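Comments concern the structure below.
Just so we're on the same page: letters track the sequence lines, and every chain starts at 1. Small disclaimer: the values here were computed from a predicted structure and weren't measured.
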Amino acid sequence: MLLKKPLLDDIIDNLKHDILNVIYLTENRNVDINQLIKSANSSNKKIVGGIFPGLIDHQGKYDNAAIIQYYGNDSDVILCKRIGEENPGKYLDPDLAFENYSALVLVDGLSTGISDFLEELHEKYGNALSFYGGGCGSLTLDIGPCIFSNDGFFQDAALIVPHKQNVRLGIAHGWKRIAGPFVANKANKNVIEEINWQKAFDFYADTIKKKTETVINPNDFFKYSKGFPFGIFREGYEDVVRDPIKVNADGSIVCVGKVPANATLNILHGKKEYLIESARDATNKALANVKPESVFVVDCISRVLYLEDNFDEELDAIRQTCQMATSSPLFEGVLSLGEISSDKEGYIVFFNKTIVVTAICEK
Amino acid sequence: MNDELTRLGLLYELSLTTIKHGDPVVNARDFINKLLSRKALNYGAIWLDSHEEKGVLFFKRLYSSPSQKDQVSIDKEKFNAIFSDSMPVITDATVFEGVGVKGHFCYFKLEEIGILEICSENQKEKVSYESMYPFRDVIDQFTSSLIGGFANQNLKEEINRRKLAEKSLQSHKRKYEQIISNIHLGLLEIDNNETITYANSSFCDLSGYDLVDLVGLKASDLLSNESFSIKRVKEKKNEPEGEGVNTYELLISDNKGNDRWFVVSTVPNYDPMGVQMGLVGVFLDITRQKMLATENEFKDTRIKKLFDLSLDALITINESGRVVEWNKQAEIIFHYAEKEVLGKSVTELIMPEKFKKAHNDGLTNYLKTGHGPVLNKRVEISAVKKNGEEFPIELTIFPLKFQEKHYFTAIIIDITERKKTSTKLQEALEKEKELNKMKSQFISMTSHELRTPLTTIKSNNEIISYLFEQGNISENKNFPKYLRRIDENVNRLTKLVNDILILGKLDSKVVPFNPVKCDVLDFISRKIFPNLTETPVLKVSGDQYKINIDKDLFINILNNLIENAFKYSEASEKRPEMSVNFKKEHLEITIKDNGIGVPLEDQNKMFKSFFRASNVDNVKGTGLGLAIVKEFVELHSGSISVESNLGLGTLFTVVFPKN
């Protein structure tokens, strides 16, 4: 259920008793989260949710809206706090019940502990469950609370919402390599300090200039870098995209998501038609031969920024593919800071600039 | 772009990942996760060689993602067949028992330390020998890194252990130094020439010397002149030479010349090279203990002497009533030897049956309440000797509590002799009282019995004198009466004096007793009855025979009894009766009256001097007659008895032996 420009009462009115209400809210909103939590607690309604740069559905994208989804009363949510702290292995307690088939995962998209958190998720559950979801946060890239539950409003946190419905996942990004491979010989979490033993920004800007004659300055870095993300090699799949979002004063580049030290990187570039085609591919893959109850899309906000007005074409592609596959154009989704997908096929990766389409099927 | 270059990049990245010698678990985690995140893999594990059991090899998990059991196993022969060299091994299923992952597996042997197991479910990108072979060198490098990590870990642990040991050593050294300087035990170090090299402050305090005075002295210089009393109290045997700990008692002179006793333990003192450089001695001052021990020994000796030589029996029992001490005097009094009674119940040994229950109840009550009515006081009671003889004792019991146990010590004195003496004394006292009473009665009686007739004599004499002065004495018709009264009272006085004289003679045993054979009946008829104012009715029975009598005493006996019979039955109409019964064994004479009788309580005192029954009223008498009668009868070896009923009369029976 998508509510446009909702007030607090609109949301509270649409919350249900005795089940889990998952609420996706835009960062631009008329609703105070602490008031929402207070109201939910006073009316004894169970809520979890996250703040996103934007929301989408089959009709378009929204920068002031709310989506409410209802999960069964047996959903046993795990709230993991302080995932960016140096203490791997502490997050997942208590254990998830293995009678679940899938889990929605929402993380603070600007936390530095996302990869360690997902690593632990894989260590503990492997391919027992399908995981899907994305990163919450603000398009301003300011760090702050973006995950909430009845217990409060948190930053550097993650939510796991297990459920007994099967999901089918489709994931694609459509970005293509234009240069590489290079070595991120000096990197620390989500900050690349050196590439090929040179200052990261200098090497990055120089390489792009050589390949595309595009000049990138530190001052308007994101304006151009959104079109030239990094790709980390992953055998058998598209490269895992890392979105360069900021240049530090020392010439290091800040990305959304971890870049391992000594990782081999490529520089990617997107073309409008590749990206829109990738959205179609991801939707096709998710909906092939299934009759979903609903379709949930996690689409990276940087794709919107890159495609700009053409983003509507990406939504059209998803809508048309849904229509063809399920005879219904309906879907809902979030515009995220990073995407999560693991359809029981392997390692759980935190993606950037990617679209994850989730077909939520019957139990 | 060139995937081969990218793969080379990955190999490079992996090779850099392995150049670590830190925590092997972190190293393995980084390596596995890097592989999983880049290759089309969904499982990786490092298994370390653990142990072998019955042909099965066991491996323990160093790290895996997803998590697996902590231990897996594989048949040894199967393992040897699969891992014959260091090349990658590709299989369609896990080779281990216990791994819960399905897919295509690849294994690398990590030298002799374990196995790398990786797996992919990805059907499109199956793991293959060709795709995994390029990773062999990186994995060898990783193996070296793991070995290095373990070595590094062991080294760190060893360094930590050494640091801890060093800290502990330093701590112990400080503690030792503190102890040495603060303990009240003296410590003295000497070299191999017995020259003092060090003394702690306690030793200086104990000996009265300053350290500077001690250092350089020979240890033997400190010994007292009485040091012949050195006593080795403990010595470790079977130790290598120089290893033993020896303990002595030494007498040492302090700097004022006072002797002090020490217990000294010496141990060899070695230099860092292990060469003995002398001895270290620890000195414990036992002077006070020695003095106390001597005092205690003296006390013990005194107590033992006291116990053994006591003239009273000393017996100690425990709270079960069993004998724990039994001295010599107890042996003498009770006729039990110590060894016969130790551990036995005192109740069964010396307690009369009648006191056993009270004793047992008293003991139980004391243990419960702490109170005992007979404790800490002298009581007279009886006890039983070994031969069963019960005898009187004086008993004093003292309770004693020692180390939470109760003991009772009894002091027992045999008072048999004391009791006998006491009885005699009592008897003498009673006799004395009797004599005093007799004396009082005598004075009372004589003052009355003398004064009355004397007054009568005097008054009649005055009347006669008056008549004589008037000159008409011969005409006075009462004159003879006055004379007779004087005569009667003179006779009364004479009789009284005679009786007293007789009683005095009887006491002095100087009464003449001259028995002759006599015909009693004839003697009564001729010599007694004619002199009596009134005679009783005489009855005779049995065949007559003669008996030996003192005729004077016999007269006195019968006169007294007959006169009494008339005197105390004046109101009766019936005359008293006298029977003379010649019995086979003896002659029995009874005199019976029907008079006032004698109260029952007075009957046993009737033959005592000066005694008069309480119901005699104004009947005259001295209280001497029956006492004299009894003495006279007994001089004849006879006996006299009385039966009386108050108001009905009295019967005296006198028995004279036939021979």
Cut-off 4.5 Å, heavy atoms of chain B, and the answer for A:V183 is side chain
Under 4.5 Å to a heavy atom of chain A? For B:L36 that would be both
Interatomic distance, NZ@B:K34 vs CD@A:E119, rounded to 0.5 Å, equals 10.0 Å
Among residues 87-98 of chain B, residues within the sub-4.5 Å heavy-atom range of chain A, in order of number, are none
Can you tell me if A:K176 has over 12 outside heavy atoms packed within less than 6.0 Å of its NZ? yes
Residue pairs meeting salt bridge (Lys or Arg N to Asp or Glu O under 4.0 Å), one or both in residues 63-73 of chain B, sequence neighbours left out, come to B:R61-B:D70
Here the gap from A:I348 atom CD1 to B:S37 atom OG, rounded to the nearest 0.5 Å, amounts to 12.5 Å
Rounded to the nearest 0.5 angstrom, the OG-NE2 distance for B:S67 and A:H122 is 11.0 Å
- Query: Would one find more than 12 heavy atoms of other residues, nucleotides or ligands at under 6.0 Å from atom CD of A:E213?
  - Reply: no
Value for NZ (B:K39) from OH (A:Y347), rounded to nearest 0.5 Å, stands at 16.0 Å
Ordered numerically, the heavy-atom neighbours of chain A under 4.5 Å found in residues 159-169 of chain B are none
Next on the checklist: For B:E77, I'd like to know if atom CD has over 12 heavy atoms of other residues, nucleotides or ligands within 6.0 Å.
Outcome noted: no
Listed by number, the residues in residues 252-265 of chain A that come under 4.5 Å of chain B (heavy atom to heavy atom) are A:P260, A:A261, A:N262, A:A263, A:T264
